[in-house]
Amino acid sequence: MIGQLIAAFLGTVAFGFLFGIPRRYYAYSGLCGSVAWGVYVLPVWGSDVIASFAATMVATFLSRFFAVKKRCPVTVFLIAGLIPLVPGIGLYWTFYYLVTNQLEQMSSTGLVAVKSACAIVLGIVFVFEIPQKFFRVIAHGKK
C-alpha cells in the first residue's frame, strides 16, 4: 500500500508539472492525489463507484483547504489531485471491447467507468456546497 501511495504522489506531482502548477504547490497537490488514492483503495467501500465518490470528496475537501491556506485557486490542487481516480483503464477496456466486438464486456466495463466519472463529479459538487467560511475558519483558525 505504501508503494501505491508513493506512486500516486509522484504521478500527481508529475501531472502537476505538465499542467503547469507552480513548483511551491507540488507537495500539496501530490498529497491530495496520494490521500485520495489511499481512500479509494480502502477495502470498506464495496464498489469502485462508492470508492471514487468517497475519495473525490476527500480530495476536494483537501483541495479547498489548501486553496484557502495557500491563497490560490482550488483547481491548482483539485485537478492534479483527482488524476489517480480517473477511470482511464475502464475507458480503455470499454473501447477495446467495442473494437473487438465483445459487446457484453463493453457495456459492463463502460457502465462502471461512466458511473465512476459521475461519482467524481458528484463528490466535487457535494464538497463545493460547503460554505467558504468553513474552510477559512479551519485554515486560519479565525471567524
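Note that these values count all heavy atoms, side chains included, but never hydrogens, waters or copies made by symmetry.
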Are [X] and [Y] grouped together when hydrophobic residues (ILVMFWY) are joined by side-chain heavy atoms under 4.5 angstrom apart?
X    : Y    : answer
V13  : I6   : yes
I79  : L31  : yes
F126 : L85  : no
L18  : I21  : yes
F128 : F134 : no

Closest heavy-atom contact between [X] and [Y]?
X    : Y    : value
A55  : A36  : CB-O, 3.2 Å
P87  : A113 : CG-O, 3.7 Å
V35  : V58  : CG1-CG1, 3.6 Å
V76  : A80  : O-CB, 4.2 Å
I130 : R64  : O-NH1, 2.7 Å
I120 : T56  : O-CG2, 3.1 Å

So, taking the atom named [atom1] in [X] and the one named [atom2] in [Y], what distance separates them when rounded to the nearest 0.5 Å?
X    : Y    : atom1 : atom2 : answer
L98  : L103 : CG    : CG    : 7.0 Å
M106 : L111 : CE    : CG    : 10.5 Å
T109 : Y97  : OG1   : OH    : 5.0 Å
F15  : Y26  : CZ    : OH    : 12.0 Å
I138 : F61  : CD1   : CZ    : 4.0 Å
F9   : L5   : CZ    : CG    : 11.0 Å

Original post:
Below 6.0 angstrom between ring centroids: does that apply to F65 and F77?
Top reply: no
**OP:** For S108 and Q105, indicate whether the former's side chain and the latter's backbone hold a donor-acceptor pair under 3.5 Å.
**Re:** yes
Does some side-chain heavy atom of [Y] sit less than 4.5 Å from a side-chain heavy atom of [X]?
X   : Y   : result
F53 : W45 : no
C32 : F66 : yes
P84 : T12 : yes
Y40 : D48 : yes
S63 : L82 : no

**OP:** For the residue pair W93 and Y96, categorise the inter-ring angle as parallel (less than 30°), tilted (30 to 60°) or perpendicular (more than 60°).
**Re:** perpendicular
**OP:** With sequence neighbours left out, write down each residue that passes side-chain hydrogen bond (donor to acceptor under 3.5 Å, both in side chains) with K70, or none if nothing qualifies.
**Re:** Y28
